[in-house]
Amino acid sequence: MTDRPDDDVLGDLEPTQVRLRFAPSPTGLLTVGNIRTALFAWAFARHYGGKLVLRIEDTDAARNTPEALQYTLDSLRWLGLDWDEGPEVGGDYGPYLQSERMDIYADVVAKLLSAGRAYHCYCSQEELDQRREAARTAGQHSGYDGHCRNLTEEQVTAYVEEGRRPVVRLRMPDRPIVFEDLVRGEITFLPENLGDYVLVRANGHPLYPLVNPVDDALMEITHVLRGEDLLPSTPRQIALYEALAEIGVGGGRTPRFGHLPFVMGEGNKKLSKRDPGSGLGEYMERGFLPEGLLNYLALLGWSIAEDRDVFTMAEMVEAFDIRKVNANAARFDPKKCEAINAAHMRLLDPEEFGRRMIPFLAKDGMLPAEPSDDQLAVLRAAVPLVQERMNTLSESVDMLGFLFVDETAFTLDPDAAGKVLTGDAGAVLEASVKALGDVEWTTEAIEAALRTSLVDGLGLKPKNAFGPVRVAISGRRVSPPLFESLELLGREKSLHRLEQARSSLPAE
RNA sequence: GCCCCGUUGGUCUAGUGGUCAGGACGUCCGGUUCUCAUCCGGAAGAUCACCGGUUCGAAUCCGGUACGGGGUACCA
């Protein structure tokens, strides 16, 4: 028992008893920061063979929409971060939408109140502000001063008659609260800095500091991984867990916490949903692979080994250890994110690589959503040509569009044409047409014919010889390997484009 | 103001008393080459925030300072 290496993480739990939750508020799109939190919670749960619960914190009705919820679920599915309990999958601890749990909160608050662990506070906003300001200038902490902790019947009656509507506050214990953070170690808060805080608004609306621990307790969550912004409120939540245990709500266990560092953007601020590059949608549209994005995000605060940074999610699950997570904030580096993604692109099975390009080519009208067998054959043949020269899937449009585009819609990039189709390009194209006219249409034969004609015949350097041909048939200065491209394009289209390009050149 | 967290090359990190402080991204140079990539080779880049202490010995332990971040709500 005592020699289990993970005792400081698991305590008396068996690994499979571990229950984590990811609790997004569906106010919009998932950000890379949210995703990193979800990833670590997921990896933690999967590592121990425990459960991951998805709970939706949608108590703020004004900011939540069904669409945003659906988008959140779809996003997690796309990423491959699956959950064992929650929306769309059910579970024994539901409902998993906080908006459907309001009666539960009301019931818990009533119990807290009657047990004396919470009390009504009738202070007005102005009174609070005034006293807070006074405490502050006196160099004291600025939390609630406990004014209404022990009101008499008469005082309460008086307040009620004044028409005051009370909030509900938790009675904080008068002792230090110490806990062992899974990523930061022991953290201590002194009681003088922990004022009684509000659980329920005067209008009856339950607040986050109430519903979050109540749900964690009821759902028997054993480990909480969340952003470091919640660290300062942790002692207050711990006090609530203890109160809940006392009144018999939930499993009676206070979860262990791990506060993850922020993912920072430019400058020194937390990457927010308003920052470009922060939203998952951008990465999906740009054609990042879920495994690539996740791999990069994992690197922000965690590492699998000293000399390794490309790995699969299966490997991450195997190796993940919350104790090895860094406590310091990390800056999101778009370049490295793309580089890690590119590494995963090259690791992909070619068949799979081809499949994943289809939606991107289809989006730009290069291919139908369900390509024909012929189109699939071309795509399959093109994969080896482009797999190692793409960083994201969306680049497939620029890279392969020329193979699929309708002949009438094919155009030359003006910049490429202007720079390459000049001078003796006309002669090069003319010679190319002649050389390819009746050659066997294979990569080898095409290359031989063009080398003989352009390099040997016209005495051009390969670079100058093939440049015009490349622009003529692909429309771009950068393309997959030329001879293979010609073969894939086919004799008819190739010759047609070469002639078109030649005739577009001004007469000498 | 008060409380909490953090600080290793430009960036992400390895590292828990003895290492030439390792790797990756990025950058630069070179090779391969039909473009672009890939791949291969090489280079530059770190007083381990600062000051003091403990120690034969400190990036690693202790204290302080500075700087950065977060919290301090009837937001989440």
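Throughout, a chain's letter reflects where its sequence line sits, starting with A, and its residues are numbered from 1.
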*Under the 3.5 Å rule, do the base of B:rC5 and the side chain of A:R184 count as making a donor-acceptor pair?*
no
Out of [options], whichever nucleotide has its closest atom nearest the side chain of [X]:
X	options	value
A:E57	B:rC2, B:rA76, B:rA14	B:rA76
A:R389	B:rA37, B:rG6, B:rC4	B:rA37
A:K336	B:rC25, B:rC74, B:rA76	B:rC25
A:K463	B:rC2, B:rA76, B:rU35	B:rU35
A:S25	B:rC34, B:rA76, B:rC25	B:rA76
A:L231	B:rG10, B:rC4, B:rC34	B:rC4
A:V198	B:rC5, B:rG71, B:rC74	B:rC74
A:V478	B:rU38, B:rA76, B:rC36	B:rC36

*asked:* Taking the ring centre of each residue, are A:F332 and A:Y296 less than 6.0 Å apart?
replied: yes
For [N] and [M], measure between their [atom1] atoms and round to the nearest Å.
N	M	atom1	result
B:rG45	B:rG23	C1'	15 Å
B:rA49	B:rA59	P	10 Å
B:rG42	B:rC48	C1'	26 Å
B:rG63	B:rU54	P	15 Å
B:rG10	B:rU27	C1'	9 Å
B:rA58	B:rU19	P	10 Å
B:rG26	B:rA43	C1'	14 Å
B:rG68	B:rU8	P	15 Å

*Which atom of A:N391 lies closest to which atom of A:N341, heavy atoms considered*: O-ND2, 2.6 Å
Quick check with a 6.0 Å cut-off and a 45 degree axis cone: is [X] positioned over the face of [Y]'s six-membered ring?
X	Y	result
A:R236	A:Y197	yes
A:R36	A:F40	yes
A:R226	A:F257	no

*asked:* Near RNA chain B, counting only heavy atoms under 4.0 Å, which residues of residues 303-312 of chain A show up?
replied: A:S303, A:E306, A:D307, A:D309
*Of all of residues 121-135 of chain A, which get a heavy atom below 4.0 angstrom from RNA chain B, listed by number?*
A:C123, A:Q125, A:R132
*asked:* As a test of understanding, state which of A:R117, A:R149, A:R169 forms a salt bridge (charged side-chain N to carboxylate O under 4.0 Å, His left out) with A:D196.
replied: A:R149
*Any residue meeting ring-ring contact (aromatic ring centres under 6.0 Å, His included) with A:F262, in chain and number order, not counting sequence neighbours*: none
Distance test, side-chain N/O of [X] to OP1/OP2 of [N], below 4.0 Å:
X	N	value
A:T59	B:rA76	yes
A:N326	B:rA14	yes
A:R169	B:rC74	yes

Side chains of [X] and [Y]: do they bring a donor and an acceptor to under 3.5 Å?
X	Y	value
A:T443	A:E487	yes
A:H344	A:T312	no
A:S142	A:R136	no

Send over the distance from [X] [atom1] to [N] [atom2], rounded to a whole Å.
X	N	atom1	atom2	result
A:L230	B:rA76	CG	P	12 Å
A:F466	B:rC36	CZ	P	14 Å
A:K335	B:rC28	NZ	P	9 Å

*Heavy-atom side-chain contact between A:I35 and A:L30 under 4.5 Å*: yes
